[in-house]
There are 2 protein chains.
Amino acid sequence: MLRLSKLTDYAVVVLIRLSEGGGECARLGGEPVQTSPGIALATGVPEPTVAKVLKALTSANLVASQRGARGGYRLVQALEQITIADVITAIDGPIALTACVDGAPGACDVQNMCAVKGRWDLVNDAIRQALTSITLAEMRVASVPMAFRLPAPDHLAPPDRLAQGGVPLAASAAE
Amino acid sequence: MLRLSKLTDYAVVVLIRLSEGGGECARLGGEPVQTSPGIALATGVPEPTVAKVLKALTSANLVASQRGARGGYRLVQALEQITIADVITAIDGPIALTACVDGAPGACDVQNMCAVKGRWDLVNDAIRQALTSITLAEMRVASVPMAFRLPAPDHLAPPDRLAQGGVPLAASAAE
DNA sequence: AACAATCAGGACCGCATGGGTCCTGTTAAG
DNA sequence: CTTAACAGGACCCATGCGGTCCTGATTGTT
């Protein structure tokens with residue numbers, strides 16, 4: 001699968017949402033912050049999950065948090081400065097395809113004559129480089145080719161119309 | 001984690017083992033084949049797992065099988081022609097990082113206003129390209145920098161000494 | 001012709017991991 | 001002092017992977 005976690009997907013959504021300047025809570029010396037309930041409402045991701053993602057992103061210093069009333073989160077870098085590798089590392093931990101490379105305790109169980117030991121590093125480096133070369137800004141411009149772009153991010157988009165007719169994608173071909 | 005399955009790791013081991021010409025069963029009109037028990041014995045991977053991996057590799061036409069007595073498996077391409085992407089696709093299925101891209105049944109549950117729909121394709125392509133650019137031959141030469149290379153593949157290497165002093169890698173820096 | 005060896009293709013089970021929720025404490029603005 | 005929001009856990013459940021096994025089909029050997 002080579003599948004990355006759904007949380008990482010959410011993190012991208014949340015970060016892009018954060019970049020769209022939360023127009024609601026422009027306080028705190030000009031630094032506009034957004035609350036996790038607000039982001040959850042705007043993105044459709046459940047609030048606890050948004051909170052969890054934001055905590056991880058804060059630990060990774062991708063976003064900054066302001067505690068207390070009128071608090072919230074804000075980006076510390078522009079989307080152009082955030083790479084996919086950053087997000088994946090923040091959410092899923094270090095990028096390592098196999099247990100052999102990311103410091104597994106018992107190493108592989110067939111380490112005796114494992115003829116390919118350490119060779120995955122080559123692949124890991126390639127992956128890592130590929131992920132480092134893509135920024136969130138690039139991902140955003142590549143998305144939403146249709147007219148569904150919300151120009152004003154401060155008025156939370158009503159999900160009704162979008163959910164009905166919007167974005168059929170691959171959901172129809174589901175067995 | 002972006003972790004790929006352990007089966008894929010085994011597949012690489014098995015394929016490299018297959019490339020080292022099974023010296024035992026040189027039959028079948030000059031096409032030397034190796035049996036799955038033999039490969040299991042040589043690599044240290046349990047036999048059922050080897051068999052499962054080989055079946056998947058056969059379905060993906062990375063190896064050819066000869067049924068019946070004196071049967072076995074052999075490579076259909078040189079290691080130089082097999083990319084990591086081939087192996088991953090054979091074992092783990094198509095390379096797709098998120099459920100949004102590989103035709104998931106329900107699509108993402110937040111598809112309503114998912115602002116990043118389809119944007120993972122960028123990342124997927126980058127990953128796919130990175131994995132396609134690395135062949136098994138490159139992985140083999142990059143491995144085993146020490147004197148642990150077994151010159152004769154038919155005499156199974158005694159695991160004892162190798163397991164003890166061999167290849168410390170990153171296993172020490174765990175946690 | 002009978003036998004044995006080997007692959008084919010499933011079904012099956014247990015465990016680990018991730019996804020998701022919730023609870024309690026801490027901070028800061030009003 | 002109260003309230004709103006983050007911090008940082010603990011916790012449960014489902015999914016999927018790793019691994020094993022069984023039965024049948026095929027083919028060389030005796």
Side-chain angles (χ1 to χ4, degrees), chain A residues 1-11 14 18 22 24-29 31 33-41 45-60 63-74 88 91-93 98-99 102 104-106 108-110, chain B residues 1-11 14 22 24-25 27-29 31 33-40 44-60 63-74 88 91-93 98-99 102 104-106 108-110:
Chain A
M1 314 264 181
L2 202 95
R3 174 156 303 156
L4 53 80
S5 69
K6 209 182 293 184
L7 272 298
T8 304
D9 198 353
Y10 291 158
V14 167
L18 269 179
E24 340 160 11
C25 314
R27 277 307 225 101
L28 192 70
E31 298 282 18
V33 295
Q34 299 185 49
T35 69
S36 41
I39 297 174
L41 208 52
V45 181
E47 295 93 342
T49 302
V50 170
K52 176 183 253 189
V53 165
L54 281 170
K55 286 170 195 168
L57 293 176
T58 305
S59 298
V63 306
S65 65
Q66 173 66 27
R67 301 182 63 161
R70 303 261 109 190
Y73 294 94
R74 64 177 173 83
I88 295 177
I91 302 294
D92 283 340
T98 61
D102 86 313
C108 29
D109 34 345
V110 287
Chain B
M1 311 271 180
L2 202 93
R3 174 158 304 158
L4 55 79
S5 69
K6 209 183 292 184
L7 271 298
T8 305
D9 197 354
Y10 292 160
V14 166
E24 339 161 10
C25 315
R27 274 309 221 102
L28 195 68
E31 298 281 16
V33 296
Q34 299 185 46
T35 69
S36 43
I39 297 174
V45 181
E47 295 93 341
T49 303
V50 170
K52 176 182 254 188
V53 166
L54 281 169
K55 286 170 195 168
L57 293 177
T58 304
S59 299
V63 305
S65 65
Q66 173 65 26
R67 301 180 65 162
R70 303 259 108 191
Y73 295 94
R74 65 178 174 82
I88 294 177
I91 301 294
D92 283 339
T98 61
D102 83 317
C108 29
D109 33 345
V110 289

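Below, chain A is the first sequence line, B the second, and so on; all start at residue 1.
Atom pair A:Ile91:CD1 and C:dG18:P shows a separation of 12 Å (rounding to whole Å applied). Between the P atom of C:dG9 and the CG atom of B:Leu57 lies a distance of 13 Å, rounded to the nearest Å. Distance B:Gln66 CD to D:dT26 C1': 9 Å, rounded to the nearest Å. Atom CG of B:Asp9 and atom P of D:dC17 are 16 Å apart (whole Å). Rounded to an integer number of Å, the gap from CD of B:Gln34 to P of C:dC7 is 11 Å. Rounded to whole angstrom, the span from the CD atom of A:Glu47 across to the P atom of C:dG19 amounts to 18 Å. Look at CG on B:Asp92: it is 13 Å from P on D:dG16, rounded to the nearest Å. B:Arg70 places its CZ atom 10 Å from the P atom of C:dA5, with the value rounded to the nearest Å.
One finds no side-chain N or O of B:Tyr10 lying less than 4.0 angstrom from the OP1 or OP2 phosphate oxygen of D:dG18. In this model, the phosphate group of D:dC6 is not approached by any side-chain N or O of A:Thr58 to a distance below 4.0 Å at OP1 or OP2. In this structure, B:Ser36 reaches the C:dC7 phosphate: one of its side-chain N or O atoms is under 4.0 Å from OP1 or OP2. Residue A:Thr35 places no side-chain N or O under 4.0 Å from the OP1 or OP2 atom of D:dC6. Taking 4.0 angstrom as the limit, B:Tyr73 places a side-chain polar atom (N or O) nearer than this to OP1 or OP2 of C:dA8. In this model, the phosphate group of C:dT6 is not approached by any side-chain N or O of B:Ser65 to a distance below 4.0 Å at OP1 or OP2.
If you check distances only, the side chain of B:Lys6 never reaches the base of D:dG18 with a donor-acceptor pair under 3.5 Å. Put simply, the side chain of B:Arg67 and the base of D:dA25 share a donor and an acceptor less than 3.5 Å apart. Put simply, the side chain of B:Lys52 and the base of D:dG19 share a donor and an acceptor less than 3.5 Å apart.
Using a 4.5 Å cut-off on side-chain heavy atoms (C-beta onward), A:Tyr10 and A:Thr49 make contact.
The shortest heavy-atom contact between B:Glu47 and B:Pro37 is CG-CA, 4.1 Å.
Candidate nucleotides D:dT20, C:dG9, D:dA7 were compared by shortest atom distance to the side chain of B:Lys55, and C:dG9 ranks first.
Rounding to the nearest 0.5 Å gives a distance of 10.5 Å between CG of A:Leu18 and CZ of A:Arg74. Of the inter-residue distances, the one linking B:Ser36 atom OG with B:Lys55 atom NZ reads 8.0 Å to the nearest 0.5 angstrom. Taken from OG1 in B:Thr8 to CD1 in B:Ile91, the straight-line distance is 5.5 Å, to the nearest 0.5 Å.
Heavy-atom nearest nucleotides on DNA chain D were determined for B:Pro48 and for B:Gly68, and the one closer to the 5' end corresponds to B:Pro48. Comparing B:Pro37 and A:Ala69 against DNA chain C, the residue whose closest nucleotide sits nearer the 5' end is B:Pro37.
Without hydrogens or angle criteria, B:Thr58 side chain to B:Leu54 main chain gives a donor-acceptor distance under 3.5 Å.
In this structure, A:Leu54 reaches neither bases nor backbone, as no heavy-atom distance under 4.0 Å exists between it and the strands shown.
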